[in-house]
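One structure below.
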Amino acid sequence: FSQYRDKASFQLAMLMRRAMTRLLAREAPQATKLNIMPGLEDSRQAVFQDADRESKQRRLMYQSSKRGTREMDGVIGGFAVDSLYKLTDQQLTEYDNLIRENDHDMNIWFVQGKPERAPDHVRNTEVFKLVQEYVNSGKLQKIKPMEL
C-alpha cells in the first residue's frame, strides 16, 4: 500500500490487476500456467481452506450475492438463499466450483437458456441441474434494468 499515493490509486491498481488476470485467463490461459507474468494467477483457481461446513456455507453465501453482474446476483444469489443450506458436502464442493466460472458464461447457461454450451465438467454436476431447476421454477425475480 505504501507504494501508492492514496487509497484510490491502490484500488485502481487492484482493479487493473484483476482485469489483466481475467483477460489472460480467457485469452491466453497458457500464460498464467507457464507463469509468464508472475503474480497474475487466475483468481478462479484460488483455493480456500474452510475450517468447517458452516464457514464454507457463509463464504459461498457471500460470494453468491456479490457476483459482479446484477443478473448473476439474482440467479446465483437467489439460488444460494433458497438452497445453499440444503446441499450435501459433495454438492457444496460442486457449487464452489460452479461459482468460480465466469459470470458471462453463467448468464448464457442459465438466463439465456443455453445449458448445452456449458463445459461437461460443469454441466454434468447435480448442482448445475439444481440451479437450472431453480431458474425454471419461476422463483427467480425479474431484474429491472438499471436506471440512469
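Computed from heavy atoms alone, side chains included, the values below leave out hydrogens, waters and symmetry copies.
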(message) Can a side-chain donor-acceptor contact be found between S64 and Y95 if the only test is distance below 3.5 angstrom?
(response) yes
(request) List the atom of Y134, the atom of G74, and the distance in Å for their closest heavy-atom pair. (result) OH-O, 4.4 Å
(request) Step through it carefully: locate the ring centre of F110, locate the ring centre of F79, and say whether they are under 6.0 Å apart. (result) no
(request) Mark yes when over 12 heavy atoms from residues, nucleotides or ligands other than Y62 sit less than 6.0 Å from its OH; otherwise mark no. (result) no
(message) For a quick check under 3.5 Å, do D52 and S55 share a side-chain donor-acceptor pair by atom type?
(response) yes
(message) So L87 and L130, do their side chains get closer than 4.5 Å, heavy atoms only?
(response) yes
(request) Please tell me if the side chains of M72 and I99 come closer than 4.5 Å, counting only heavy atoms from C-beta onward. (result) no
(request) Of all the heavy-atom pairs spanning L84 and Q57, show the shortest one and how long it is. (result) CD2-O, 3.3 Å
(message) Just checking K129: does its NZ atom have more than 12 heavy atoms from other residues, nucleotides or ligands closer to it than 6.0 angstrom?
(response) yes
(request) Dump the intermediate steps for side chain to side chain contact (heavy atoms under 4.5 Å, CB included) on T93 and K56, then the final yes or no. (result) CA-CA 9 Å; T93 302; K56 184 174 190 172; 3.3 Å; yes
(message) Check this for me: does any side-chain nitrogen of one of R70 and D73 sit under 4.0 Å from a carboxylate oxygen of the other?
(response) no
(request) Could you tell me the separation between the CD1 atom of I108 and the CG atom of D103, rounded to the nearest 0.5 Å? (result) 11.5 Å
(message) Between W109 and Q132, is there a side-chain heavy-atom distance shorter than 4.5 Å?
(response) no
(request) Flag the pair T125 / L98 as yes when at least one side-chain heavy-atom distance between them is below 4.5 Å, and no otherwise. (result) no
(request) In plain terms, say whether D96 and R59 are close enough for a salt bridge, that is, a side-chain N and a carboxylate O under 4.0 Å apart. (result) yes
(request) Measure the shortest side-chain to side-chain distance between L92 and L60 over non-hydrogen atoms and say whether it is less than 4.5 angstrom. (result) yes
(request) Looking only at non-hydrogen atoms, find the nearest pair between Y85 and M61 and report the distance. (result) CE1-CE, 3.4 Å
(message) Quick one, Q112 and M106 - any side-chain contact, counting heavy atoms below 4.5 Å?
(response) no
(message) For the CD1 atom of I76 and the NZ atom of K66, what is their distance to the nearest 0.5 Å?
(response) 15.5 Å
(message) Testing the basics here: between T88 and R53, what is the closest heavy-atom pair and its distance to 0.1 Å?
(response) C-NH1, 3.7 Å
(message) For a 4.5 angstrom cut-off between non-hydrogen side-chain atoms, does E94 reach V122?
(response) no
